[in-house]
Structure formats: C-alpha cells, structure tokens
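First up is the structure itself, then whatever we jot down about it.
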Amino acid sequence: MSSLGNVRAIIAVDLDYFYAQCEEVRDPSIKEKPVVICVFSGRTEDSGAVSTSNYLARKLGVRSGMPIVLAKRILKTTPGPVFLPMDMEYYESVSERIMELIRSKGDKFEQSSIDEAYLDVTTKDGADFQIAKEIGTEIKAEILSIEKLTCTVGVGQNKLMAKMAVDSKKPDEFTVILQGSEKAFLAPLPVGKLFRIGPKTEEKLRSIGIVTVGELAVADRTEISNLFGKNLGPDLIDWANGIDESPVLEKAVEQMSRIVTLKNDVQHFDFREALEQMSKSLSEKLRSSRLACRSIGIIAITTDLKVKSRSKSIAAPTQSSDEILQVSSGLFTSFFEEQHLSDSDKSKLRRVGIRLSELIPYAESKTRTLESYFK
DNA sequence: AATACCGGCGAGT
DNA sequence: TCATACTCGCCGGTATT
C-alpha cells in the first residue's frame, strides 16, 4: 500500500449533446442543421418541452426545458431546423454499448446517467494522472471510431473534480485538473457553477454575501450548516474546497417512475387508463430488472406546476401491475378527497404519475401460474 | 432516543 | 404566454419502537 493510498485518479466521461448526437449518427444529413430533441406532451400540436439540442441550435438560443413552441419561434428564420421526438429506446441501446466500452477500461465503474460515467483508474501504485490521460484518450478514440460519437473527458482526484473538469470545456474536449490545483481552479467560479449548486442554493448563498466558490470554501461552517443543515452544509464547504470522498461505485436502482401529461387538467380521478398503462410498464420494468417494490406512490403535478406526492408501504414486495394499479388508484382517490375537503384548493392536475420505491432484488418464482405471467 | 416513514424540495440529465 | 420524463438525494416533521 502506497503512502498516498487515499489519492485517486478519476475519469469522468460525458457524451456530448447525447440524444441529438445519436440522431446525427442515425441521419448524418441533419448534422449541419439545428437539431432539437422534443418531448411532445400531446396536449396540442407542439405542446411539450425541449429535451436537448445540438450545438448549432444552442448557439441560436435553444435551451433544454424550453417550450417546443418557443424553440420553433427562435429557429423560424434559420434554414432547415430539425425537430425530432425523443426515441429513448434507441438512445438507451447506444448508451449500453458505450457504457460497456468504458466499463472495460477499469475495474471501478459508475454510470451516473444515460450519458455520463466515472472510472476510478487508481492503481496499486497510486494515482497516476498520466495513465488516466492515456485511458481517457483511448476511451474518446474508441467511442468515436466504434459509435461515431464525440464525448468530453475530465480527469481529477475525485468524482467532483473530474466532473468539474468535464463541465469546464465542452464539447469534444479533454481537461485534467492536477492534484493541488483544485482550489485555484474552483475559487474564481460563481457558486452556481459548482456541481450540485443550482439556482435556489445559489440565491441562498448570495443572500449571505457568498458569490464565488472561493468565498464558500472559507465560509463559516456554523453559518452554512444553520442555513443548509448539518449534513448538506459541511458537504457544500467540502465541495467548494475540491473535497469529495464519495467512491466510484455502481449503485443499485432505488426507484422507478412513470409520468404523463393529461390532455386536459382535471379535478377528479378520471385517468384510470393512463394509470393502467403506467402500472403495466412499471411492472414490466420490475420483472426485467428482477426487482420488486415495497412502496408505491403517486405523483401529481398541478396546473401551477407544483409537485405533490403520496406514497404507501405495502405488506409484501410486489411486481404485479394489478397491485400497482389498485394502490395507485386508491392513493389518487384519497388525494382528491383531501383536495376537495381542504376548502378552496381549486388546483387541478396537469400531470400524473406512479413511483415505485424500496426496490429489492426479487427472484421471480419459476412455478408461477400462466395468469401471473401476464400481469 | 433512535429509526422508519412520509411529503416537499432541489438538482441533474 | 410556455413550462417533459425521468432519477437521485437531502431535509424536517411525525409516527413508531
């Protein structure tokens, strides 16, 4: 064991504008045009949101989460914009192959999203960033030659720094943050650029006079803890100092959910068909992942886009679509009763969904009946 | 007093 | 006006033991 046994070399890989780039690979003729990947909600012709877009579209002002209608308005004057519906099955199949490729380059691997992964390439001799660079270069080259996709790679001494390296320069880039240069790299950044600090946290920090990561790094621990809690507070300060001990580790799936936008906002439970669909889909996903759930919940998004949820634990773990449907229907029924009781809460529901949690490995019985097979 | 459960919130892709 | 579909993680309140 090296005396620097706690020093690591971590690689982060981020596939560039992933869904849109997948579409460019499928149809290279769209490469020179703005490409916008859309989630059409089905309410009206173009209702829905932009999932992602290629860099040409971004340069013209298209952003993730933007209403499709707005993206169309922005691109109205530019020639040949391409609006495509999201095709998750296709992106997932591409992602699976690439993740296998990355996984094969090291023994500690963690996929953090459909298009991002970490690799711990620390050896018994310690954290050699030269080796990390070589492995990163190989990964970039192989993804390009095999899948025709570019990616951005970052190297750092922990996951946070590798991720910050990736985020510092995209697309098709390779950034290394050397050991010892973490604080200098982070300090001048606005706090909002630090991974896991979003608009709300940024605003809270600004309210106590903290604007840069460097200021957060030396902030008063007690004051930060009082504001963000005794766990999150210290974490924030650690992150601002480039400290992140979290291991590169494949995590078990903890939850799965389905959600849909309703054709019209509703005040009553009249979307049983949608629930049936989602129950079936979730049941299938449970079975294919050899999991069962011990908690079933509902998600309700109101007209004013507030998220509400209800959930309940069930006696025995289940994979049954019928049981998921029964429980979620029950939760929605009581949810509407609550809403109608609570005097003038006239809020309607815009989107509804089901969430399964407390997932546990579940070996499906081989002696199951023919009937249960189809549930 | 510790742990479990629940609902809200925040962040990210 | 125009606001997707997911996943993960933390927080505080309350119930349970």
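Computed from a prediction, not measured in an experiment: that's the story for all the values here. Below, read A as the first sequence line, B as the second, and so on, with proteins coming before strands; counting in each chain starts at 1.
- Closest contact between the side chain of A:K200 and the listed nucleotides B:dC6, C:dT4, B:dG10 involves B:dG10.
- Between A:E142 and A:K105 there is a salt bridge, since at least one side-chain N of the basic residue sits less than 4.0 Å from a carboxylate O of the acidic one.
- Residues A:Y118 and A:F109 keep their aromatic ring centres 6.0 Å or farther apart.
- The side chain of A:A49 approaches C:dT4 more closely than any other nucleotide in the set B:dG10, C:dT4, B:dC5.
- For A:L232, taking side-chain heavy atoms from C-beta onward, the closest of the listed nucleotides B:dG10, C:dC10, C:dA3 is C:dC10.
- If you check B:dA11, C:dT7, C:dT4 against the side chain of A:T261, the one that comes closest is C:dT4.
- Using a 4.0 Å cut-off between charged side-chain N and carboxylate O, A:R43 and A:D265 make a salt bridge.
- Annotation: A:F336 is not in aromatic contact with A:F269 [ring centroid separation under 6.0 Å not met].
- Among the nucleotides B:dG7, C:dC6, C:dT7, the one closest to any side-chain atom of A:K285 is C:dT7.
- Looking at A:E202 and A:R206, no side-chain N of the basic residue comes within less than 4.0 Å of a carboxylate O on the acidic one, giving no salt bridge.
- When the P atom of C:dC2 is taken as reference, atom CZ of A:F40 falls 15 Å away, rounded to whole Å.
- Electrostatic pairing of A:R221 and A:D238 counts as a salt bridge here, judged by a charged N lying under 4.0 Å from a carboxylate O.
- A:Y90 has its ring centre no less than 6.0 Å from the ring centre of A:Y19.
- Spacing between atom NZ of A:K204 and atom C1' of B:dG10 amounts to 10 Å, rounded to whole angstrom units.
- Within the nucleic acid shown, A:S112 has no heavy atom closer than 4.0 Å to any nucleic acid atom.
- Here the nucleotide nearest the side chain of A:K312, chosen from C:dA5, C:dA3, B:dC6, is B:dC6.
- Residue contacts shown for A:K163 are limited to sugar-phosphate atoms, with no base heavy atom under 4.0 Å away.
- Looking at A:E284 and A:R287, no side-chain N of the basic residue comes within less than 4.0 Å of a carboxylate O on the acidic one, giving no salt bridge.
- With C:dC2, C:dA5, B:dG7 as the choices, the nucleotide that has an atom nearest any side-chain atom of A:I259 turns out to be C:dA5.
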Just the dot-bracket of DNA chain C, please: which string comes out with Watson-Crick or G-U pairs under 3.5 Å, [ ] for crossing, | for another strand? ....|||||||||||||
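- Separating the CG atom of A:L262 from the P atom of C:dA3 is a distance of 14 Å, rounded to the nearest angstrom.
- Of the candidates C:dT4, B:dT13, B:dG8, B:dT13 carries the atom nearest the A:D115 side chain, counting heavy atoms from C-beta on.
- A salt bridge links A:D46 with A:K72; the closest basic N to acidic carboxylate O contact falls under 4.0 Å.
- Look at A:D235 and A:R196 and you find no salt bridge, because none of the NZ, NE, NH1 or NH2 atoms lies under 4.0 Å from a carboxylate O.
- With B:dA11, C:dC2, C:dC8 as the candidates, the nucleotide lying closest to the side chain of A:V253 is C:dC8.
- A:K251 comes within 4.0 angstrom of the backbone, heavy atoms only, and of no base.
- Less than 4.0 Å separates DNA chain C from no heavy atom of any residue of residues 210-222 of chain A.
- The side chain of A:V69 has C:dC2 as its nearest neighbour among C:dC2, B:dC6, B:dC5.
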